[in-house]
Chemist: 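Can you read through this structure? Questions will come right after.
The residues of the chain are indexed from 1 along the displayed sequence. What you see is a predicted model; the values in this text were computed from it and never measured.
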Amino acid sequence: MRNLERALQELNSKKADIEATLKAECDLGNKQPSNEVNDWLENVERINNEAHSIEEEVKKGKYFSRARLGKHAEEKIQEVKEYHQKACSFTSLVIAPPPTGGLTLTTATLAGKKTKKVVERIWEDLMGDKVTKIGVWGMGGIGKTTIMKEINNRLQKETNKFNVVIWVTVSQPLDLIKLQTEIATALKQSLPENEDKVRRAGRLSEMLKAKAKFVLILDDMWEAFPLEEVGIPEPSEENGCKLVITTRSLGVSRSMDCKEIGVELLSQEEALNLFLDKVRISTSQIPNLDKEIINSVVEECDGLPLAIVTVASCMRGVDEIHEWRNALNELRGLVRSRNGVNADVLGRLEFSYHRLKDDKVQQCFLYCALYPEDFAIPKEELIDYWIAEGFIEEVKDVQAKYDRGHTILNRLVNCCLLERAEDGGCVKMHDLIRDMALRIKSKSPLFMVKAGLRLLKFPGEQEWEENLERVSLMDNHIEEIPSNMSPHCKILSTLLLQRNGYLQRIPECFFMHMRGLKVLNLSHTNIEVLPSSVSNLTNLRSLLLRWCRRLKRVPSVAKLLALQYLDLERTWIEEVPEGMEMLENLSHLYLSSPPLKKFPTGILPRLRNLYKLKLSFGNEALRETVEEAARLSDGLDSFEGHFSELKDFNIYVKSTDGRGSKHYCLLLSAYRMGAFMITGLELPKSVILNNYKICRGEEPIVLPEDVQFLRMFEVSDVASLNDVLPREQGLVNIGKFSHDLKVLSFVHCHNLKNLFSLWLLPALQNLEVLKVYGCDSIKEIIAVEDEETEKELATNTIINTVTLPRLKKLRFYFLREFKRFCSNNGVLVCNSLQEIKVRGCPKLKRLSLSLPLLDNGQPSPPPALEVIEIEKELWESLEWDQPNAKDVLNPYCKFEAF
């Protein structure tokens with residue numbers, strides 16, 4: 001028994017070490033114990049219990065035979081030693097948790113005990129079985145969304161109870177078609193746009209049922225609706241699904257048959273603590289300022305978290321007692337001077353607006369209210385508007401203007417007047433903050449904002465008052481503007497009509513009395529002709545006509561000398577607008593149209609202030625125009641060019657000495673697709689070869705020497721990357737091929753046999769992403785082209801490894817003949833690997849990865865690895881070069897059927 005006790009003591013010491021390490025690793029990051037480790041801990045617990053039972057039986061005299069006791073003890077000692085040995089062989093104690101199919105959201109810290117109690121009540125109902133629908137209700141700005149973001153994020157990491165967590169912001173007005181689309185998008189699926197609501201509901205219902213247990217969070221609901229009309233299965237104990245809504249209306253919660261959970265205002269103590277946290281003053285500093293004044297400021301916020309945070313944020317850094325007294329008087333004046341529903345709340349928020357104390361910054365803030373409620377506002381688009389309106393004129397350089405714009409955005413975010421959207425490229429405006437901004441602009445000069453309201457009729461002439469300053473009618477269903485309408489709006493500076501897809505015609509007289517107009521956006525409308533009265537808008541700085549796919553003619557722009565932005569991307573114009581050579585202040589020109597055969601010479605050299613240029617050269621491009629564009633490249637921040645002929649593509653690249661502007665995207669395509677321009681690419685220096693036979697002529701393609709992103713789509717005559725490499729006198733010159741390449745992608749290149757040769761490897765050491773989709777003939781990634789190297793590969797283990805040190809993502813989709821990575825079973829060393837995705841590769845036999853080794857010689861996963869997506873049947877059939885490799889990688893697998 002003493003031997004058993006000693007063995008158990010050693011095992012339990014090991015158990016304590018493992019548990020301590022587990023706690024540290026799980027607390028440090030979003031990790032969880034591996035199944036193997038969990039099984040080990042459970043078995044050690046079992047062994048301890050069984051050993052304890054043996055000891056108890058000995059004490060009670062139940063072992064009459066010393067031999068029987070010795071046998072049981074010896075068996076147990078042997079088992080203890082086996083489990084001690086097993087603990088020493090663990091390669092890793094933790095794994096990343098399986099994805100829950102949801103999104104972790106940025107959120108603020110929860111304030112107050114009451115708020116935290118609400119979170120726990122919601123959590124308890126979600127974890128339980130009886131409550132299936134929860135309605136979180138309370139006044140605007142009280143923290144409902146913050147509470148639910150906290151719940152959402154806990155669901156992502158703290159439970160395996162649900163298969164997917166779906167977050168959708170509903171807002172007003174309620175649009176069930178839009179809601180269906182957003183739920184499907186959250187599931188990474190789509191619904192047919194041309195189907196009616198009933199059919200779409202059936203499809204969405206099947207999608208959600210396929211996910212089985214889901215949590216659907218509908219934030220900011222203003223109206224109740226029947227779940228079946230949208231296609232949301234009724235949550236029940238049987239299906240394990242849950243619905244949570246947030247709303248300002250208790251009636252909405254009751255109509256949706258939800259359990260009601262109200263959110264209350266903060267107590268004075270909680271409000272003070274939140275205020276001090278946001279204003280960044282410690283309690284020890286308060287006597288210097290006068291505690292009574294700070295308490296009075298907090299009292300004026302009335303326990304509303306949004307008001308507390310916005311007021312505190314704009315008082316941050318203020319340490320003069322006189323300024324605090326003045327701020328208190330301003331705040332009291334704003335609160336008491338307001339009448340009506342939510343008026344006192346808006347008064348408190350308006351205090352933060354006045355504290356900006358900079359007219360241009362205030363104008364920038366108010367401009368955000370022109371967008372629909374809960375709209376994710378693109379930062380760059382917003383700054384473009386600000387520049388065109390003249391809010392950023394203290395600097396002349398365009399890049400400096402953008403820097404100033406981003407600085408203003410950061411200030412508005414830091415003052416809690418705007419919030420960052422999840423994607424980082426957009427900002428959002430809380431609906432109460434937006435209400436406050438619109439309230440400010442309800443007095444002269446006025447805003448008319450009817451954005452995203454599904455309007456069918458254009459506002460009547462009586463609504464177009466003379467003191468209108470800005471009008472936003474974006475995102476509606478307006479079909480026509482009355483033929484005789486000509487509003488007298490002399491100070492109108494912005495008119496936003498974009499995304500009115502049914503609007504076909506604008507009356508000739510409409511712009512006659514809008515001579516002060518600076519920004520006109522008619523993008524994504526169905527207009528065919530732009531009225532000639534636009535030619536007289538001499539103050540116009542931004543004319544945006546993107547995606548007007550029926551627009552055939554733009555009148556003369558010769559008088560629009562102030563124009564800085566001209567966007568004719570994806571239009572149907574047949575000729576470049578007359579007078580373009582006069583636009584010497586133009587900084588942004590976007591022009592692409594399939595019927596446009598050529599861009600005339602002599603215009604681009606006149607546009608000396610161009611900063612961003614997108615251009616389709618047309619099927620009859622002139623060599624001089626291509627060379628003119630190339631000469632501009634050094635001064636451009638970004639250039640996107642579409643070439644229909646290889647000779648024009650090569651002329652441009654050669655004319656830039658192999659290096660383009662700071663950001664560029666060059667598209668070579670045989671399609672008549674001047675309207676097809678690429679945006680939102682992962683990297684700033686990109687080349688896309690699209691449906692073009694680049695090996696058909698005598699002239700080889702010339703690629704920029706600093707290209708970072710290379711995509712080939714339906715390039716049918718390319719057998720390998722080798723076919724596009726630079727050549728001199730017929731021989732490949734690897735020195736002139738980009739060593740900066742980070743993303744390499746082949747899609748539907750049906751003659752592709754391999755990606756590249758082994759000797760090209762030195763040029764690919766910065767490669768981060770490798771994607772191959774739908775290439776029917778490819779058999780291997782890396783080819784060995786000479787017999788001598790092939791023999792060395794077969795015998796030499798050092799040469800047998802292929803190293804891509806920065807490779808992060810591998811994606812192989814629908815490759816029918818794909819068998820291996822490298823000839824003669826070469827293995828890939830890529831310790832930066834984060835994800836592997838393999839779909840539809842039935843002949844793949846070996847996932848030839850060389851895994852890092854631990855000190856004990858056992859393989860371990862690449863340290864950055866997050867996920868392996870693969871069919872289970874294929875995973876089980878794969879062969880491995882290293883023992884235990886499959887077991888090491890198995891926890892990262894996400895099995896999917898295709």
Side-chain angles (χ1 to χ4, degrees), residues 22-23 25-27 29-39 41-42 94-107 110 115-136 144-168 182-184 186-189 204-219 227 230-246 253 256-261 866-867 869 872 890-897:
L22 268 181
K23 185 178 188 309
E25 291 192 27
C26 291
D27 287 349
N30 184 21
K31 302 281 187 180
Q32 65 184 39
S34 66
N35 291 335
E36 185 182 26
V37 171
N38 274 333
D39 289 342
L41 290 169
E42 288 177 8
V94 295
I95 58 170
T100 59
L103 184 68
T104 300
L105 304 173
T106 55
T107 185
L110 293 172
T115 306
K116 291 173 183 176
K117 282 182 180 178
V118 168
V119 170
E120 293 311 315
R121 284 176 64 194
I122 298 168
W123 186 257
E124 186 179 323
D125 287 336
L126 286 171
M127 294 300 103
D129 297 324
K130 291 186 178 180
V131 178
T132 58
K133 293 190 288 186
I134 303 167
V136 182
K144 302 181 295 294
T145 300
T146 301
I147 286 169
M148 286 316 303
K149 283 183 175 181
E150 174 74 16
I151 291 289
N152 174 85
N153 294 349
R154 281 177 64 173
L155 285 170
Q156 303 304 325
K157 61 186 179 182
E158 291 191 21
T159 179
N160 294 320
K161 184 178 176 69
F162 301 103
N163 296 330
V164 66
V165 182
I166 306 159
W167 179 290
V168 175
E182 293 195 355
I183 294 173
L187 294 170
K188 298 181 181 177
Q189 299 190 56
L204 183 59
S205 180
E206 291 304 312
M207 290 179 194
L208 288 166
K209 286 176 181 176
K211 291 292 181 183
K213 295 181 177 182
F214 63 79
V215 178
L216 176 59
I217 301 171
L218 300 180
D219 187 41
L227 295 180
V230 176
I232 302 168
E234 184 70 32
S236 65
E237 287 188 54
E238 289 72 28
N239 62 26
C241 300
K242 304 275 187 175
L243 171 70
V244 188
I245 69 169
T246 72
S253 180
M256 296 294 292
D257 194 26
C258 293
K259 176 182 176 180
E260 300 151 17
I261 297 182
E866 295 173 0
V867 68
E869 289 186 12
K872 188 165 187 178
N890 205 62
Y892 297 88
C893 285
K894 181 181 177 183
F895 297 119
E896 296 191 18

Chemist: Could you check whether any side-chain heavy atom of V230 comes within less than 4.5 Å of a side-chain heavy atom of L227, counting everything from C-beta outward?
Modeler: no
Chemist: What residues form a salt bridge (Lys or Arg N to Asp or Glu O under 4.0 Å) with E234, not counting sequence neighbours?
Modeler: K133
Chemist: Rounded to the nearest 0.5 Å, what's the gap from SG on C241 to NZ on K211? Could you check?
Modeler: 12.5 Å
Chemist: Test side chain to side chain contact (heavy atoms under 4.5 Å, CB included) on W167 and D219 and set out the steps.
Modeler: CA-CA 7 Å; W167 179 290; D219 187 41; 3.8 Å; yes
Chemist: Give me the atom names and distance for the closest heavy-atom approach of I245 to S253.
Modeler: CD1-CA, 4.0 Å
Chemist: Calculate, to the nearest 0.5 Å, the distance between atoms OG1 and NZ belonging to T115 and K117 respectively.
Modeler: 11.0 Å
Chemist: Is V165 close to L216 at the side-chain level, that is, under 4.5 Å between some pair of heavy atoms?
Modeler: no
Chemist: Just to verify, which of L208, L218, L243 counts as forming a side chain to side chain contact (heavy atoms under 4.5 Å, CB included) with I166?
Modeler: L208
Chemist: Considering residues at least two apart in sequence or located in another chain, which fulfil the salt bridge (Lys or Arg N to Asp or Glu O under 4.0 Å) criterion with E120?
Modeler: R154
Chemist: Which residues satisfy the side chain to side chain donor-acceptor pair (under 3.5 Å) test with K259, sequence neighbours excluded?
Modeler: D125
Chemist: If you compare all heavy atoms of A212 against all heavy atoms of N163, which two are closest, and at what distance to 0.1 Å?
Modeler: CB-ND2, 3.5 Å
Chemist: Could you tell me the separation between the CD1 atom of I151 and the CE atom of M148, rounded to the nearest 0.5 Å?
Modeler: 5.5 Å
Chemist: Measure the spacing between CZ of F162 and CE of M127 and express it to the nearest 0.5 Å.
Modeler: 4.5 Å
Chemist: Within 45 degrees of the axis of the six-membered ring of F895 and under 6.0 Å from its centre: does K872 put its NZ or CZ there?
Modeler: yes
Chemist: To the nearest 0.5 Å, how far apart are CD in E124 and CD1 in I261?
Modeler: 9.0 Å
Chemist: Do the side chains of K242 and D129 get close enough for a salt bridge, i.e. N-O under 4.0 angstrom?
Modeler: no
Chemist: Could you walk me through whether L126 and I134 satisfy the side chain to side chain contact (heavy atoms under 4.5 Å, CB included) test, starting with their C-alpha distance in whole Å, then the side-chain angles of each, then the deciding distance to 0.1 Å, before giving a yes or no?
Modeler: CA-CA 9 Å; L126 286 171; I134 303 167; 4.2 Å; yes
Chemist: Report the distance from atom CH2 of W123 to atom CD of E150, rounding to the nearest 0.5 Å.
Modeler: 9.5 Å
